[in-house]
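In what follows, a single structure is set out as structure tokens and then discussed.
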Amino acid sequence: MNFAQLGLAEPLVRALEAKGYTTPTPIQQQSIPTLLQGRDLLGIAQTGTGKTAAFVLPSIQRMVEAPKQIHPTHCRMLVLAPTRELASQIADSARDYGKFSKMSVATVFGGTSINKNRQDMSRGVDILVATPGRLLDLIEQRFVSLAMLEILVLDEADQMLDLGFIHALRKIVRMLPKQRQTLFFSATMPNAIRELADQFLKDPATVKVAPVSTTAERVEQFATHVNQGEKQALLTIHLRNPEIERCLVFTRTKHGADRVVKLLGHAGIAANAIHGNKSQPQRERALGEFKSGKVKVLIATDIAARGIDVSGVSHVFNFELPNVPEQYVHRIGRTARAGASGVAISFVADDEKSYLRDIEKLTRVKPTMMPLPEGFTAEAAKIKANRPAGSDDDRRRDDSGRHRAPPKATHSARPTGQRADGAARPAGHSEGRGGDNRGARPAGAGRPGGQGRPGGQGRPGGNGPRRQGAGGGGGGDRRSPAAG
DNA sequence: AAAAAAC
């Protein structure tokens with residue numbers, strides 16, 4: 001099966017080949033023929049499944065096949081995304097895929113010059129990618145009109161709802177022609193999303209790939225119990241692992257992300273933070289340096305949990321666990337992309353143990369418990385000594401903190417390991433899956449110590465996409481009440 | 001409860 005067989009025209013196939021794509025992913029196989037017919041689509045899929053190409057390619061083709069004069073400030077296709085980074089990424093892809101089809105693409109979101117947006121839209125474009133707030137702003141100022149729109153795409157619809165975009169969405173949809181094609185993508189399908197889809201879509205085809213929990217199966221997952229105050233020491237040790245190509249470290253709060261950056265800086269480890277309180281230039285710089293490899297550690301809030309598509313993220317650290325278990329799946333889905341392997345390591349403080357249980361319930365994978373690595377006590381003591389009691393940041397910094405002994409004693413504790421024995425992988429990872437594990441095994445993983453044996457792992461087959469609700473296993477979107 | 005998003 002190739003892209004031409006799905007019905008895509010030569011300029012699109014050529015653009016795909018230029019990117020090295022020859023085989024459609026499952027969501028592309030299922031969506032492209034349907035969308036080429038002009039049908040509405042309800043897609044249940046997360047990023048990393050090839051979703052963007054699945055809706056951009058057929059949309060471009062339909063626009064090319066039915067050429068229309070574009071009026072100033074108008075667009076033919078609108079893609080709405082929940083974060084600026086995602087909007088930017090989608091626009092880049094659209095430009096790429098449309099480069100031999102003469103597609104014009106504009107992107108608008110907050111934190112950037114509104115005059116530039118106005119200029120970009122002055123003659124109208126084929127494809128507009130936007131976040132809701134800035135788009136509404138531009139519409140109110142008459143710099144954008146949606147009156148001639150042909151195709152609407154809502155990406156990450158469940159996150160849009162979570163973020164309180166519902167009012168803005170309704171407002172935008174009210175301005176659109178009734179006669180249009182509507183595409184709706186969501187990683188999950190809670191009732192609120194289904195109702196919204198019922199209102200926005202007409203007789204949609206439904207496409208479902210990679211239910212939310214399957215990403216978790218491709219990632220080697222580990223967890224360590226550690227005091228909240230000693231997580232920094234643990235992270236510092238892990239980050240000395242030379243096998244880390246690029247890593248994302250997730251924190252629960254924006255302030256927490258900044259604090260980790262600062263503390264790592266004291267330990268001589270370069271890192272950037274990305275979160276919603278950073279200016280747009282700061283956000284772009286952080287992401288740019290991460291992508292280019294200049295800074296290989298990116299500390300992020302859940303702003304980066306979804307959609308951020310950076311190749312070569314070998315490790316994801318949950319410095320703090322998310323309290324919404326689905327968010328964990330999105331986070332660890334930043335690694336093991338495009339068939340690569342990946343490692344996720346969660347730091348679990350006492351008050352986070354219940355979150356871990358919820359996550360295990362959702363993913364049906366129990367992370368392998370790792371003991372604190374060798375050298376941890378020394379590292380924690382060193383950090384504590386350099387940090388006067390009562391201050392948890394750089395409030396005072398005496399010069400005794402400036403020189404630090406080289407970490408000679410800790411090399412044996414590096415979370416590396418050459419996969420000496422192949423043991424201690426979280427069960428449920430079937431061995432036969434290409435065998436392409438890079439041995440990126442974290443500290444202590446080789447000795448699960450008898451405990452931590454994954455329970456409830458006996459899922460037959462292990463790997464194929466699991467149908468929710470089909471096996472009566474209590475999956476689905478039902479959130480079970482906290483046990484105990 | 002915190003996250004992102006318009007100035």
(Q) Distance check needed: B:dA2 P versus A:His330 NE2, whole Å only. (A) 20 Å

Q.
Measuring to OP1 and OP2 of B:dA4, would you say a side-chain N or O of A:Lys278 lies under 4.0 angstrom away?
A. no

**Q.** A:Phe185: ring-ring contact (aromatic ring centres under 6.0 Å, His included) partners, not counting sequence neighbours
**A.** A:Phe55

Q) Starting at CD1 of A:Ile172 and ending at C1' of B:dA5, how long is that distance when rounded to a whole Å? A) 11 Å

Q: Name the closest nucleotide to the A:Thr253 side chain, picking from B:dA1, B:dA2, B:dA4.
A: B:dA2

Q) In residues 160-167 of chain A, which residues come under 4.0 Å of DNA chain B by heavy atom? A) A:Asp162, A:Leu163, A:Phe165

Q.
Could you work out, with salt bridge (Lys or Arg N to Asp or Glu O under 4.0 Å) as the rule, every residue matching A:Arg39, not counting sequence neighbours?
A. A:Asp203

Q.
From C-beta outward on A:Thr301, which listed nucleotide comes closest to its side chain: B:dA6, B:dA2, B:dA4?
A. B:dA4

Q: Please check the phosphate of B:dA6 (OP1 and OP2 only) for any side-chain N or O of A:Thr131 closer than 4.0 Å.
A: yes

Q: Can you sort out the partners of A:Glu85 under salt bridge (Lys or Arg N to Asp or Glu O under 4.0 Å), two or more places apart, ordered by chain and number?
A: A:Arg283

Q) Under the side chain to side chain donor-acceptor pair (under 3.5 Å) test, which residues partner A:Arg246, sequence neighbours left out? A) none

Q: Would you mind reading off the distance between A:Leu138 atom CG and B:dA6 atom P, rounded to a whole angstrom?
A: 10 Å

**Q.** Residue A:Phe109, side-chain atoms from C-beta onward, closest of B:dA5, B:dA2, B:dA6
**A.** B:dA6

Q) Rounded to whole angstrom units, what separation is found between the NE2 atom of A:His255 and the P atom of B:dA3? A) 11 Å

Q. Which of these nucleotides, B:dA1, B:dA5, B:dA4, is closest to any side-chain atom of A:His275?
A. B:dA4

Q: Rounded to the nearest angstrom, tell me the gap between atom CG in A:Asp158 and atom C1' in B:dA4.
A: 14 Å

Q | side-chain N/O A:Arg84 vs B:dA6 OP1/OP2, d < 4.0 Å | A | yes

Q: Starting at atom CZ of A:Phe250, determine the distance to atom P of B:dA4, rounded to an integer number of angstrom.
A: 12 Å

Q | Spacing of A:Leu248 atom CG relative to B:dA3 atom C1', expressed in whole Å | A | 16 Å

Q: Quick one: sort the A:His238 and A:Phe347 rings into parallel, tilted or perpendicular, breaks at 30° and 60°.
A: parallel

(Q) Does a side-chain N or O of A:Arg331 approach OP1 or OP2 of B:dA3 to a distance below 4.0 Å, or not? (A) no

Q. In terms of heavy-atom contacts, does NZ of A:Lys353 have more than 12 from other residues, nucleotides or ligands at under 6.0 Å?
A. yes

Q: Please name all residues satisfying side chain to side chain donor-acceptor pair (under 3.5 Å) with A:Arg285, sequence neighbours left out, ordered by chain then number.
A: A:Glu289

Q: For A:Tyr355 and B:dA2, give me the distance from atom OH to atom C1', rounded to whole Å.
A: 10 Å

